[in-house]
Participant: 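Take a look at the following structure, please.
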Amino acid sequence: MLARIREAVRKAGAQAPRDEVFPSDGAPVLVLREGKVVPAVMGWGFPGMQGGRNVINARAETALEKRMFRDSVSHRRAAVPVSWFYEWNQNKEKYTFTREDGQVLFLAGFYSKYEDGDHFVILTTQANQSMAPVHSRMPLVLERNQVRDWIMDGDGFRELLGQVPAGLARSCEYEQQTLF
């Protein structure tokens, strides 16, 4: 699957993602096209929504209630394959989260069409036990066997919106030491 994603990035003429993908960067996603789950390259974030800033995340608990997201979540779902993601705690320490088995993570998302192309947003949910010490929210992580259902299933996706992601491995390059 990763080879197919890399090939789609190359064919799209997109720049290969760096180690980190930042909001508004192009990134590979998996989407439904002509009845098949295929890789595509899209910009991360719905452009110019919040005072000119991109909207990069949406709460899974309320996405279907929000006019900005409702149609996209219902009809244009995507899975974002990543090796890891980062989150910062209140002390501005950067933590890396990966699957404990080292496999690819699939983040639940959705996309919309804009003049300059398709753009995606990542869904977030309440933090699980591995994320809670760092942050109160986290990406909605899909298991590999849920990706097809997330992207293709008519209304079955709704129950995935409420799932608690499996535990993740957490590491930090450094932690601020305090004397007190």
Participant: Using a cut-off of 6.0 Å, state whether more than 12 heavy atoms not belonging to Arg148 lie near its atom CZ.
Facilitator: no
Participant: Please check: side-chain N/O of Asp101 versus main-chain N/O of Gln103, any donor-acceptor pairing under 3.5 Å?
Facilitator: yes
Participant: Rounded at 0.5 Å granularity, tell me how far CG in Leu168 sits from CZ in Arg99.
Facilitator: 8.0 Å
Participant: Side chains of Lys66 and Arg59: closer than 4.5 Å at any heavy-atom pair?
Facilitator: no
Participant: Got a sec: does the CD of Gln129 have more than 12 other heavy atoms crowding it under 6.0 Å?
Facilitator: yes
Participant: From Lys92 NZ over to Gln90 CD, what is the distance, rounded to the nearest 0.5 angstrom?
Facilitator: 9.0 Å
Participant: Carefully, step by step, assess Gln163 and Leu142 under the rule side-chain contact (heavy atoms from CB on, under 4.5 Å).
Facilitator: CA-CA 9 Å; Gln163 81 176 7; Leu142 302 169; 4.2 Å; yes
Participant: Please identify each residue that fulfils side chain to side chain donor-acceptor pair (under 3.5 Å) with Asp149, with sequence neighbours left out.
Facilitator: none
Participant: Mind checking whether Leu105 and Val164 sit in one hydrophobic cluster, side chains of I, L, V, M, F, W, Y counted as touching below 4.5 Å?
Facilitator: no
Participant: Run the side-chain contact (heavy atoms from CB on, under 4.5 Å) test on Asp71 and Arg76 for me, step by step, so that the C-alpha distance in whole Å, both residues' side-chain angles and the decisive distance to 0.1 Å come before the verdict.
Facilitator: CA-CA 8 Å; Asp71 188 55; Arg76 291 181 296 279; 3.1 Å; yes
Participant: Starting from the C-alpha separation in whole Å, work towards a yes-or-no answer on salt bridge (charged side-chain N to carboxylate O under 4.0 Å, His left out) for Glu87 and Arg170.
Facilitator: CA-CA 10 Å; Glu87 190 57 69; Arg170 177 181 68 223; over 6 Å; no
Participant: Could you go step by step and tell me if Leu107 and Val141 meet the side-chain contact (heavy atoms from CB on, under 4.5 Å) rule?
Facilitator: CA-CA 5 Å; Leu107 310 182; Val141 179; 4.0 Å; yes
Participant: How are the rings of Phe120 and Trp44 set relative to one another: parallel (under 30°), tilted (30 to 60°) or perpendicular (over 60°)?
Facilitator: parallel
Participant: Are side-chain heavy atoms of Phe97 and Val82 found at a separation under 4.5 Å?
Facilitator: no
Participant: Which distance, rounded to the nearest 0.5 Å, do you find between the NZ of Lys94 and the SG of Cys172?
Facilitator: 10.0 Å
Participant: For the atom pair OG1 (Thr124) and CD1 (Ile122), what is the distance rounded to the nearest 0.5 Å?
Facilitator: 9.5 Å
Participant: Which residue in the set Tyr114, Phe110, Tyr111 passes ring-ring contact (aromatic ring centres under 6.0 Å, His included) when paired with His119?
Facilitator: Tyr114
Participant: Atom CZ of Arg137 and atom CG of Leu123: how far apart are they, to the nearest 0.5 Å?
Facilitator: 9.5 Å
Participant: Start with the C-alpha distance between Tyr86 and Trp88, add both sets of side-chain angles, then the distance that settles side chain to side chain donor-acceptor pair (under 3.5 Å), and finish with yes or no.
Facilitator: CA-CA 7 Å; Tyr86 299 116; Trp88 289 260; over 6 Å; no
Participant: Below 4.5 Å, heavy atoms only, C-beta onward: do Val134 and Glu93 meet side chain to side chain?
Facilitator: no
Participant: Indicate the atoms forming the closest heavy-atom contact of Arg77 with Gly154, along with that distance.
Facilitator: NH2-O, 3.8 Å
Participant: After noting the C-alpha distance and the side-chain angles of Glu61 and Thr125, does the key distance pass the side-chain contact (heavy atoms from CB on, under 4.5 Å) rule?
Facilitator: CA-CA 7 Å; Glu61 302 90 339; Thr125 190; 3.9 Å; yes
Participant: Is any side-chain heavy atom of Pro39 less than 4.5 Å from a side-chain heavy atom of Pro28?
Facilitator: no
Participant: Can you name the nearest heavy-atom pair linking Arg33 to Val38, along with the distance?
Facilitator: CG-CG2, 3.5 Å
Participant: Could you measure the distance from the CD1 atom of Ile56 to the CZ atom of Phe22? Nearest 0.5 Å is fine.
Facilitator: 11.5 Å
Participant: Heavy atoms, side chains only, cut-off 4.5 Å: are Val31 and Met42 in contact?
Facilitator: yes
Participant: Please tell me if the side chains of Pro133 and Tyr95 come closer than 4.5 Å, counting only heavy atoms from C-beta onward.
Facilitator: no
Participant: Is there a donor-acceptor pair under 3.5 Å between the side chain of Asn128 and the backbone N or O of Ser130?
Facilitator: yes
